[in-house]
Structure formats: C-alpha cells, structure tokens
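On a predicted model such as this, the values are computed, not experimentally measured, just so you know.
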Amino acid sequence: MPTLLGDKLVIAISSRALFDLDESHQVFEQEGLEAYRQYQIAREDIPLEPGEAFPLVQKLLRINNLLEGDSRVEVVLISRNSADTGLRVFNSIQHYGLGITRAAFAGGRSPFTYIPAFGCQLFLSTHAEDVRATLEAGFAAATIFPAKRAREQRDELRIAFDGDAVLFSDESEQVFQKEGLAAFQASEQAAAREPLGGGPFKPFLAALNRIQTEFAGEQCPIRTALFTARSAPAHERVIRTLREWNIRLDESLFLGGLDKSSFLQAFGADLFFDDQEGHCRRAVDVVPTGHVPHGISNLKSPHSV
C-alpha cells in the first residue's frame, strides 16, 4: 500500500528558509549557476548554519517525540536546487538530526506545484513569487522575514496570526479599505452572527488545533494566538466564527489599531503571520515574521504599503 500523509500536519519549507544560504546565493547571483554548483559540491560536507525557520522546524518535529512515536508532523523540503546542489542541504539536515526524509528538488524551477501532491497545509519560503503562486493555488504560504533580535529559547511552540486575510477571508478588510472604519464597524456589528469565510491559514490552524487536543492542558507544546487590529464591536463576529469552526485559539488580542510589536514580544512568538507588509516590517524588530501576500492589501502597488 502507498504511504499517505493526509492525516498529518505537513509543512513544506524551502532550503533558504531552513538554512542560511545567503553566501551561497551570492555566488549564484554574481557568478552563475555552474559556479554555484561547484561551490556547493566543494562544501557539501560542511554543515550550513541554521536559517530563520530552523527553530520552528525543530519544535514542530519535537512534537513527534512527545507523542511517543506517533508521527503527527511531517516536514518536507521543497527547493529550487537540483539534487546535486541539494546534497549539502540534506547532509546538513542529517548533521542537525532533523527528522526530514522527503524532498522535492525542482532544478531551478518553482517547486510550488508539489505542494498539493504532498498534501501540505503550509509552505514557508524566502522566495516571494513561489509564495504567491502557492497562495493562488489555495494553500497557506508565507515569505519569511528574519527577526532583528535573538529569540528567547523555550521548548513550547508559539505561533501568532493576524485575522483578516490570514485566518479569515478579506471580505471585512475590503469594507474597511473602501469605506472606512465606521462602515467597517457597522458592517461587522450587523453581521456578528454570520461566520466569516475562511482565509488561507484556516486549514493550518485547524491542523494545529487537532494536535493540541491530543495533549492534556499544560502539557501541550503548542500555543496559538490571534493578534488583530479589530476592537469591539467587531470582536464578536471573530469569536462566533471560531466557535462555528470548532477551532480554539489560546489567546486573542483585539488591539483596535495599536502597533502589534510590543504585544508580539510579550507573547514570544516563534512566528507571526500577517498579510500587510508594513506590519511585517515592524514586527521583525521583535519576532520572526511571515508575510502572507493575500487579499486586498496586496493588490496595491508595493509603494503604497
């Protein structure tokens, strides 16, 4: 019988998100593909330094150990490298003892087409075009921005989400941007008992939630939080939507437009997902951040963000 990953939380990650390949990429940019290939082959026994998403992957894979051999999390390497240049990446995976055994090396082309085949709920990359293509195909994806300060070391995995255009559809955000705050508040209050549509990260949150239910209370290694610019009375629709989905968040912050950075620092997020690039650029001062280029905020010119 073929092996299926459908009952697992499946995360796809690019080689540049998992490891620090900046120096290698500079060789590719300045000297071309063959020079890059020779550079990687010559150093394939030298482990790469951890990248921005490395601690996140470590914590995700640690969950399998806590479940006593019941493998519930699968991390798949999705890379633009060829298998030839990707050997250094796999050697580095083995060096750090990461439980990653599956990979797709696309040989210079976008690897996002393999996301559905693996059944991934999330794709993390440093390549914005691949992220956009994955989102357009209906899967959660984010472009990783590096944090500007060292993160606190802990075993617990903490993930923070923006609401509209990330966990939820951008239907309400469209009202806000086209008609203003007063119209948005009135619209949300009128539709308080009407669940919001799901955003690209709903399946990922649901998968995290299913794993959380396998642990008792304080023993759970995952903590999730919503960080939204909404405030009362627009809070009620969010709460009722999550209740309708039968999905719980450990913490919910309704910030009424306040800057999220100090709150994210207080939460200690391992990764924060937001659809607005400006919010992401501020958040990286305190936490690693994934930009989700989805919804109305990403239809504008980059200069207007």
Quick one: do W245 and F168 satisfy side-chain contact (heavy atoms from CB on, under 4.5 Å)? Show the steps, please.
CA-CA 11 Å; W245 292 352; F168 313 115; 3.4 Å; yes
Output the distance between atom [atom1] ([X]) and atom [atom2] ([Y]), rounded to the nearest 0.5 Å.
{"X": "L122", "Y": "L60", "atom1": "CG", "atom2": "CG", "result": "8.5 Å"}
{"X": "E214", "Y": "L66", "atom1": "CD", "atom2": "CG", "result": "11.5 Å"}
{"X": "D164", "Y": "H294", "atom1": "CG", "atom2": "NE2", "result": "10.5 Å"}
{"X": "R16", "Y": "N81", "atom1": "CZ", "atom2": "CG", "result": "10.0 Å"}
{"X": "L77", "Y": "F19", "atom1": "CG", "atom2": "CZ", "result": "8.0 Å"}
{"X": "L124", "Y": "T143", "atom1": "CG", "atom2": "OG1", "result": "9.5 Å"}

For R240 and E236, run salt bridge (charged side-chain N to carboxylate O under 4.0 Å, His left out): C-alpha distance rounded to whole Å, both residues' side-chain angles, the deciding distance at 0.1 Å, then the answer.
CA-CA 6 Å; R240 291 188 180 278; E236 183 177 352; 2.8 Å; yes
Does [Y] offer a backbone N or O that forms a donor-acceptor pair with the side chain of [X] under 3.5 Å?
{"X": "N209", "Y": "R248", "result": "yes"}
{"X": "N298", "Y": "D275", "result": "yes"}
{"X": "Y96", "Y": "F54", "result": "no"}
{"X": "Q174", "Y": "I296", "result": "no"}

Please state whether the rings of F201 and F273 are parallel, tilted or perpendicular, taking 30° and 60° as the class boundaries.
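The rings of F201 and F273 sit tilted, inter-plane angle from 30° to 60°.
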Is R281 salt-bridged to E277, going by a charged N under 4.0 Å from an acidic O?
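A salt bridge is present here (some side-chain N lies under 4.0 Å from a carboxylate O).
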Side-chain touch [X]/[Y], heavy atoms, less than 4.5 angstrom:
{"X": "V238", "Y": "L226", "answer": "yes"}
{"X": "V287", "Y": "L271", "answer": "no"}
{"X": "L18", "Y": "I93", "answer": "yes"}
{"X": "P50", "Y": "D20", "answer": "no"}
{"X": "H291", "Y": "Q276", "answer": "no"}
{"X": "L205", "Y": "T224", "answer": "yes"}
{"X": "P233", "Y": "E188", "answer": "no"}
{"X": "V73", "Y": "K8", "answer": "no"}

Does one hydrophobic cluster hold both [X] and [Y], with members joined at side-chain heavy-atom distances below 4.5 Å?
{"X": "F204", "Y": "I63", "result": "yes"}
{"X": "L9", "Y": "F215", "result": "yes"}
{"X": "L299", "Y": "F176", "result": "no"}
{"X": "L87", "Y": "I46", "result": "no"}
{"X": "L167", "Y": "I239", "result": "yes"}

Do [X] and [Y] have side-chain N/O donor and acceptor atoms under 3.5 Å apart?
{"X": "Q177", "Y": "E173", "value": "yes"}
{"X": "D84", "Y": "S82", "value": "no"}
{"X": "N64", "Y": "E74", "value": "no"}
{"X": "E23", "Y": "Y39", "value": "yes"}
{"X": "R230", "Y": "S172", "value": "yes"}
{"X": "Q40", "Y": "E44", "value": "no"}
{"X": "D130", "Y": "S125", "value": "no"}

Checking R88 against F90: charged group under 6.0 Å from the ring centre and within 45 degrees of the axis?
no
Cation over ring, R102 on F118, under 6.0 Å and within 45°?
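Judged by the rule (NZ or CZ under 6.0 Å from the ring centre, within 45° of its axis), R102 is not positioned above F118.
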Kindly determine whether R282 and T289 satisfy side chain to side chain donor-acceptor pair (under 3.5 Å), including the steps that lead there.
CA-CA 9 Å; R282 290 191 292 274; T289 302; over 6 Å; no
Provide the closest heavy-atom pair for [X] versus [Y] in the form atom of the first, atom of the second, distance.
{"X": "S14", "Y": "F123", "value": "N-CE1, 4.1 Å"}
{"X": "A269", "Y": "A160", "value": "CB-CB, 4.1 Å"}
{"X": "R237", "Y": "P195", "value": "NH2-O, 3.9 Å"}
{"X": "I115", "Y": "A12", "value": "CD1-CB, 3.7 Å"}
{"X": "C220", "Y": "E156", "value": "O-OE2, 4.0 Å"}
{"X": "L135", "Y": "P293", "value": "CD1-CD, 3.4 Å"}

Is it the case that over 12 heavy atoms from other parts of the model lie below 6.0 angstrom from the [atom1] atom of [X]?
{"X": "E129", "atom1": "CD", "value": "no"}
{"X": "E49", "atom1": "CD", "value": "no"}
{"X": "E34", "atom1": "CD", "value": "yes"}

Per the ring pair (Phe, Tyr, Trp, His ring centres under 6.0 Å) rule, which among F254, F267, F263, F161 passes with F227?
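For F227, the ring pair (Phe, Tyr, Trp, His ring centres under 6.0 Å) test succeeds with only one of F254, F267, F263, F161, which is F267.
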Could you go step by step and tell me if K260 and F272 meet the side-chain contact (heavy atoms from CB on, under 4.5 Å) rule?
CA-CA 10 Å; K260 299 174 183 178; F272 168 56; 3.9 Å; yes
Qualifying residue, where the test is salt bridge (charged side-chain N to carboxylate O under 4.0 Å, His left out) with D270 and the options are R62, R158, K59:
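Result: among R62, R158, K59, K59 is the only option passing the salt bridge (charged side-chain N to carboxylate O under 4.0 Å, His left out) with D270.
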List the steps, then state whether side-chain contact (heavy atoms from CB on, under 4.5 Å) holds for V75 with I13.
CA-CA 7 Å; V75 177; I13 188 157; 3.8 Å; yes
Worked check of side-chain contact (heavy atoms from CB on, under 4.5 Å) between D162 and V292
CA-CA 10 Å; D162 181 33; V292 183; over 6 Å; no
Checking side chain to side chain contact (heavy atoms under 4.5 Å, CB included) between E29 and each of H25, E31, Q26, which is the one that passes?
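Output: one option passes, namely H25.
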